[in-house]
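Have a look at the structure below, then the notes.
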Number of protein chains: 2
Amino acid sequence: MFQQRKAHLDARALVLKAMAHPTRLFIIEELAKEERCVCDLTEQIGADISTVSKHLAVLRQAGLVLDDKRGNQVFYRLRVPCILNFFGCVESVLENRAKEQAAYLQAAGR
Amino acid sequence: MFQQRKAHLDARALVLKAMAHPTRLFIIEELAKEERCVCDLTEQIGADISTVSKHLAVLRQAGLVLDDKRGNQVFYRLRVPCILNFFGCVESVLENRAKEQAAYLQAAGR
DNA sequence: GACGTAATTGGCATATTAGCCAAATAGCCA
DNA sequence: TGGCTATTTGGCTAATATGCCAATTACGTC
């Protein structure tokens with residue numbers, strides 16, 4: 001892997017890594033509906049608010065969400081809606097896997 | 001997060017996590033061109049073959065690639081080309097970030 | 001069967017991540 | 001200013017991921 005290509009791959013991997021956590025995927029889906037303050041997300045997720053805040057920081061640093069302070073709460077919103085398109089593709093991966101597993105089980109005579 | 005939704009998010013996160021590594025992104029891009037044996041990929045990447053093999057196992061378990069043993073080598077190919085579409089979206093994230101950073105530096109008078 | 005090559009697996013050391021608590025920061029209102 | 005709420009940050013521990021080496025497995029050839 002050449003120098004330049006490596007740097008580019010690293011940058012991409014960072015964005016993907018930011019998305020690659022169930023709680024952060026949840027946040028992304030919720031923000032796709034509408035903006036939310038940290039307190040609302042925290043209540044939905046059921047974790048410590050500091051944990052949620054750190055997840056949001058990861059998403060922000062990756063460039064996936066924007067924050068907006070209003071009064072003493074901070075509202076987050078999705079910055080890059082196109083990532084939602086990707087979920088359809090991920091679904092197809094999951095479906096393929098499920099089918100394959102079913103076929104395997106059938107072949108095994110169960 | 002309800003039980004069912006959580007399971008679904010976990011499954012999605014697993015697929016994303018499998019993609020979220022520079023070496024594995026490299027492999028995905030190479031396999032998008034054409035199938036490759038482990039030895040070829042290893043040479044391109046320049047890591048230990050066991051390391052590459054493990055990366056491929058991660059991609060396989062996530063359902064992203066398929067393997068095909070021929071003779072004493074194993075050829076891998078991309079199973080889900082739609083993930084390539086996503087890279088365009090990731091690029092836009094990276095571009096936005098770059099622009100913002102440039103604006104920030106300019107505002108700071110540099 | 002013995003040898004060589006390709007690939008996977010096990011094991012280990014190191015690095016990174018996640019989540020909680022406690023402490024600090026920031027804004028609102030009395 | 002003091003008290004209250006919302007959020008972020010620091011610090012710690014536990015869990016997970018990475019990459020190498022060594023050992024094993026699988027295949028082809030002699």
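To find a chain, count down the sequence lines: A is the first, B the second, and so on, and within it residues start at 1. Only this structure's heavy atoms are used, side chains among them; waters, hydrogens and symmetry mates stay out.
If you walk DNA chain C from 5' to 3' and mark each nucleotide with an atom closer than 4.0 Å to a heavy atom of chain A, the marks span dT17(C) to dC28(C).
L64(B) and L31(B) end up in the same hydrophobic cluster when Ile, Leu, Val, Met, Phe, Trp and Tyr side chains are linked at under 4.5 Å. I27(A) and L66(A) fall into different hydrophobic clusters, where Ile, Leu, Val, Met, Phe, Trp and Tyr residues are linked whenever their side-chain heavy atoms come under 4.5 Å apart, directly or through other members. Follow the hydrophobic side-chain contacts under 4.5 Å out from I49(A) and you reach V74(A) in the same cluster. Residue I28(B) is grouped with residue L94(B) when hydrophobic side chains (ILVMFWY) are merged at heavy-atom distances under 4.5 angstrom, including chains of intermediate members.
L16(B) CG to K17(A) NZ: the interatomic distance, rounded to the nearest 0.5 Å, is 13.5 Å.
Put simply, the side chain of R12(A) never gets that close to the backbone of F87(B): no donor and acceptor are under 3.5 Å apart. Panel note: side chain R24(A), backbone A18(A); a donor-acceptor pair is recorded below 3.5 Å.
At dT8(D), one or more side-chain N or O atoms of Y76(A) fall inside 4.0 Å of OP1 or OP2 (strictly under the cut-off).
Distance Q73(A) CD to dT8(D) P: 11 Å, rounded to the nearest Å. Rounded to a whole Å, the CZ atom of F26(B) is 17 Å from the P atom of dT18(D). In this structure, the CZ atom of F75(A) is 12 Å from the P atom of dT8(D), given to the nearest Å.
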Requested in this report: Under the side chain to side chain contact (heavy atoms under 4.5 Å, CB included) rule, what do L41(B) and L56(B) come out as? Steps first, then yes or no, please.
Outcome: CA-CA 10 Å; L41(B) 289 169; L56(B) 287 164; 4.1 Å; yes
Each nucleotide of nucleotides 20-30 of chain D classed B (base within 4.0 Å of a protein heavy atom), S (only sugar-phosphate) or -, in 5' to 3' order, makes BBB---SBS--
